[in-house]
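In this chain, residues are counted from 1 in sequence order.
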Amino acid sequence: MVSPSPLDPTRSPAAFYGAELRRLREKAGLSQQELADLVFISGTYVSQLEKATRRPQEDLSRQLDAALSSDGHLERLHLLVRAMRRKQFAEYFVEAVEHELQARTILEYAPLVVPGLLQTRKYAEAVILAAQPLLDEEVLEERLMGRMERQTLIGDPARLLFWVVLDEAVLMRVVGSRKIMAEQLRHIAELATSRQIVVQVVEFGAGAHALLEGMISLMTFDDAPPLAYMESVNVGHVVDETSLVEKCRLAYDFVRTAALSQEASLIRIMKAVEEHEHACHPQ
């Protein structure tokens with residue numbers, strides 16, 4: 001059986017951590033499951049760490065170092081990954097990113113902009129620069145890299161179910177340019193038609209609904225209670241109180257009932273693509 005190709009360690013600090021974990025594991029002559037048994041986790045968890053689809057934790061890194069006799073190497077790399085996370089994301093969003101990478105399902109309502117997990121690079125750049133027009137080029141590149149790295153979660157529904165409800169305003173607001181908008185919305189449509197995500201649209205005609213006050217992201221996990229993440233200007237909150245998360249989930253379900261079906265939503269998205277493209281090349 002041919003072993004899978006290793007992850008490119010230069011792609012990100014997390015990818016370097018994963019490559020180093022794999023190197024140390026193979027040097028020790030251990031399979032992923034054998035290493036997992038030594039630190040009381042699943043073989044799948046080890047695989048996710050090596051693929052950088054799950055972020056390392058400090059305690060686990062310490063346990064892996066002990067199991068692999070690596071003299072604190074992985075623990076130090078964990079600190080590097082965490083430091084880089086703080087450069088790539090706003091401080092208030094770092095915790096949400098860590099949870100996002102471990103989620104089994106993410107249900108998101110987006111009232112104003114395309115969610116980060118679905119943004120094209122050009123759309124993401126326009127969003128970032130709209131908020132911080134004088135941002136240093138190097139910092140901008142780090143932010144964009146972080147946003148694009150998050151998107152490795154999308155593409156394997158067996159790993160993550162991502163269900164997003166977009167307000168119609170997301171389709172109509174011109175971010176960057178009409179061309180950027182057409183490319184962005186076509187990207188979402190392609191993800192939906194290839195069954196990598198589930199997307200619905202709430203049209204303006206639906207009127208008032210349960211999440212008018214802002215965005216929300218609901219996450220569930222295989223081995224932890226569900227939580228919610230809410231965000232406003234320069235502020236983000238992770239909510240893990242069971243009763244509040246249940247209320248948020250109920251509100252999300254109400255919004256889904258007010259939204260177009262998946263098929264009708266895809267038609268609406270493609271209509272918006274045509275509108276943006278027509279505006280780029282009027283007859």
Side-chain angles (χ1 to χ4, degrees), residues 1-9 11-86 88-89 93-107 117 146 149-162 217-229 238-242 244-246 249:
M1 181 177 178
V2 179
S3 61
S5 300
L7 188 69
D8 178 5
R11 197 188 74 189
S12 69
F16 184 70
Y17 180 102
E20 284 296 280
L21 173 58
R22 177 173 176 162
R23 180 184 67 80
L24 291 168
R25 175 179 60 77
E26 291 179 343
K27 181 179 178 181
L30 298 172
S31 68
Q32 291 178 339
Q33 187 58 56
E34 287 170 339
L35 176 58
D37 291 341
L38 292 175
V39 294
F40 306 104
I41 59 175
S42 69
T44 300
Y45 198 148
V46 173
S47 175
Q48 291 170 352
L49 287 171
E50 292 185 359
K51 293 176 181 176
T53 59
R54 192 159 188 168
R55 289 300 184 263
Q57 303 298 316
E58 186 172 359
D59 289 346
L60 178 58
S61 295
R62 194 175 298 119
Q63 294 171 28
L64 289 167
D65 276 326
L68 296 168
S69 301
S70 48
D71 192 29
H73 180 60
L74 293 173
E75 185 178 1
R76 290 190 294 273
L77 283 182
H78 159 72
L79 295 176
L80 172 62
V81 171
R82 194 164 184 178
M84 289 300 294
R85 281 270 158 225
R86 280 171 162 72
Q88 292 179 327
F89 302 106
F93 189 55
V94 171
E95 182 183 359
V97 171
E98 297 298 329
H99 289 303
E100 184 180 81
L101 290 162
Q102 299 176 39
R104 181 66 184 83
T105 67
I106 298 178
L107 310 178
L117 285 175
E149 284 175 11
R150 287 172 59 208
Q151 297 179 8
T152 59
L153 292 171
I154 301 296
D156 181 8
R159 162 72 183 90
L160 173 72
L161 169 62
F162 185 69
S217 180
L218 297 155
M219 307 181 211
T220 65
F221 309 88
D222 287 332
D223 52 3
L227 55 79
Y229 174 73
V238 173
V239 177
D240 57 9
E241 185 178 335
T242 302
L244 290 178
V245 174
E246 289 177 352
R249 175 58 190 264

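Considering Glu34, Glu20, Glu50 in turn, Glu50 is the only one that fulfils the side-chain hydrogen bond (donor to acceptor under 3.5 Å, both in side chains) rule with Arg25. The only option from Leu64, Leu68, Leu30 that meets the side chain to side chain contact (heavy atoms under 4.5 Å, CB included) definition with Leu38 turns out to be Leu30.
Shortest non-hydrogen contact noted between Leu117 and Ile154 is O-CG1, 3.8 Å. Closest approach of Val46 and Gln32 over heavy atoms only: CG2-O, 3.8 Å. Scanning all heavy atoms of the two residues, the minimum distance from Val245 to Val239 falls at CG2-O, 3.4 Å. In terms of heavy-atom proximity, Arg23 sits nearest to His73 at NH2-NE2, 4.3 Å. Of all the heavy atoms in Gly43 and Ala36, the pair that sits closest is N-CB, 3.6 Å. Contact between Glu149 and Thr152 at its shortest, heavy atoms only, is O-OG1, 2.9 Å.
Here Met219 contributes atom CE and Phe162 contributes atom CZ; the two are 9.5 Å apart, rounded to the nearest 0.5 Å. One finds the OG atom of Ser31 at 10.5 Å from the CD atom of Glu26 (value rounded to the nearest 0.5 Å). In this structure, CG on Leu227 lies 12.0 Å from CG on Leu244, to the nearest 0.5 angstrom. For the atom pair Ser47 OG and Leu35 CG, the distance stands at 11.5 Å (nearest 0.5 Å). For the atom pair Gln48 CD and Ser42 OG, the distance stands at 6.5 Å (nearest 0.5 Å). One finds the OG atom of Ser70 at 10.0 Å from the CD atom of Glu75 (value rounded to the nearest 0.5 Å).
For Gln63, the side chain to side chain contact (heavy atoms under 4.5 Å, CB included) test picks out Val39, Asp59, Leu60, with sequence neighbours left out. With sequence neighbours excluded, no residue satisfies side-chain hydrogen bond (donor to acceptor under 3.5 Å, both in side chains) with Gln151. Listed by chain and number, the residues in a side chain to side chain contact (heavy atoms under 4.5 Å, CB included) with Thr242 are Glu246 (sequence neighbours excluded). Arg249 is linked by a side chain to side chain contact (heavy atoms under 4.5 Å, CB included) to Leu107, Leu218, Asp253, Arg256, counting only residues two or more places apart in sequence or in another chain. Not a single side-chain hydrogen bond (donor to acceptor under 3.5 Å, both in side chains) links Ser217 to another residue, sequence neighbours left out. Listed by chain and residue number, Phe221 satisfy the side chain to side chain contact (heavy atoms under 4.5 Å, CB included) test with Ala224 (two or more places apart in sequence, or in another chain).
In terms of modelled atom types and a separation under 3.5 Å, the side chain of Asp65 and the main chain of Leu74 share a donor-acceptor contact.
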